[in-house]
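The basis for the numbers below is simple: all heavy atoms, side chains too, and nothing from hydrogens, waters or symmetry mates. Residue indices begin at 1 and follow the sequence shown. Start at 1 and go down the list; that is how both ligands and their atoms are numbered.
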Amino acid sequence: MNYAKWIAHFNRNKQNRQEPDWSAPIHVPPAMLAPMLRSIEQFRLGDGGGPASLIAFDRENFRSRTDEMRQIVDLWFAEEAEHARLLGCAVQRLGGRVITSHWSFTAFCLCRRVFGVQFELQVLTLTELVSTGYYRMLRKYSPDGPVAAMCELILRDEGGHVSFHRDRLMDKGRPQPGWSGWLWRLQFLLCGYAAGTMLWVNHAPGLKAIGGNTLEFYSEITRQMTRFIRSLRRPVRYPIVPALWAKPVELRLAK
Ligand SMILES: [Fe+2]
Ligand SMILES: [Fe+2]
């Protein structure tokens, strides 16, 4: 694995980050505001608002492989903490509250902690993919310009994270040829749909209130996961391809 490439990427990605205009006037219809805000409050907790690090009991097996890997993991989680900061600004702008616990977040952390670091890395990879689906829908339908701009910034980072996981898995020789590779793909998709369903159970009211629907969400996460799996069999042509995961869509903002 090319460690220097990832360290350079994360350092470069700190530059040219335009902060959303949090002081812009708010024109969100009341029927949309409450459910959208509840969803963003919860997402702040899940996306970097809790422990911004690997938390599996054997996390050092992965982190301490090399000094470079330790640095990459820290840079990756620094971006996750930045997402929590951005989401916190959106919560504050829309008059919400900072929540520090939720049953789904407790279950998420428990799985990450007890099943070991390889399982935690898979859970986090799938979280990046289904969260990309969430942020793409929020960006598309958000009635608030700064929230859409925030999604744009986060999607840029998540594109890099997904590409990092692709490199990490290919370096490990995943998926292997033959039946074991197909079984790995199948379990990856099933776990991904479980993660996506967990997300949708909590965030459907928020996304539906602004115009999203169930079919669109599942189509989006299916697209993200199948594209990711397909990318694992191709040679790397580009250093990093965030645009692949975060294709821009037209913004629909309230007048
Ligand atoms: Fe994130
Ligand atoms: Fe991420």
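- A salt bridge between R63 and E60 is present, with a side-chain N of the basic residue lying under 4.0 Å from a carboxylate O of the acidic one.
- Using a 4.0 Å cut-off between charged side-chain N and carboxylate O, R85 and E19 make a salt bridge.
- Between F10 and H161, the ring planes are tilted. Angles from 30° to 60° get that label.
- Its N, O or S atom nearest to the Fe ion (ligand 1) is what matters here, and for E80 that atom is OE1.
- Not one N, O or S atom of D157 sits under 2.8 Å from the Fe ion (ligand 2).
- Looking only at N/O/S atoms, H83 comes nearest to the Fe ion (ligand 1) through ND1.
- A perpendicular orientation is assigned to the rings of H9 and W6, their planes being inclined by more than 60° (bins at 30° and 60°).
- Residue H161 counts as close to the Fe ion (ligand 2), with an N, O or S atom under 2.8 Å.
- For the pair R59 and F62, the cation-pi criterion (under 6.0 Å, within 45° of the ring axis) is not fulfilled.
- With a cut-off of 2.8 Å, the Fe ion (ligand 2) has an N, O or S atom of E128 in range.
- In terms of modelled atom types and a separation under 3.5 Å, the side chain of R44 and the main chain of L87 share no donor-acceptor contact.
- Checked against the Fe ion (ligand 1), the N, O or S atom of D47 at the shortest distance is OD1.
- Under 2.8 Å from the Fe ion (ligand 2) lies an N/O/S atom of E158, whether from backbone or side chain.
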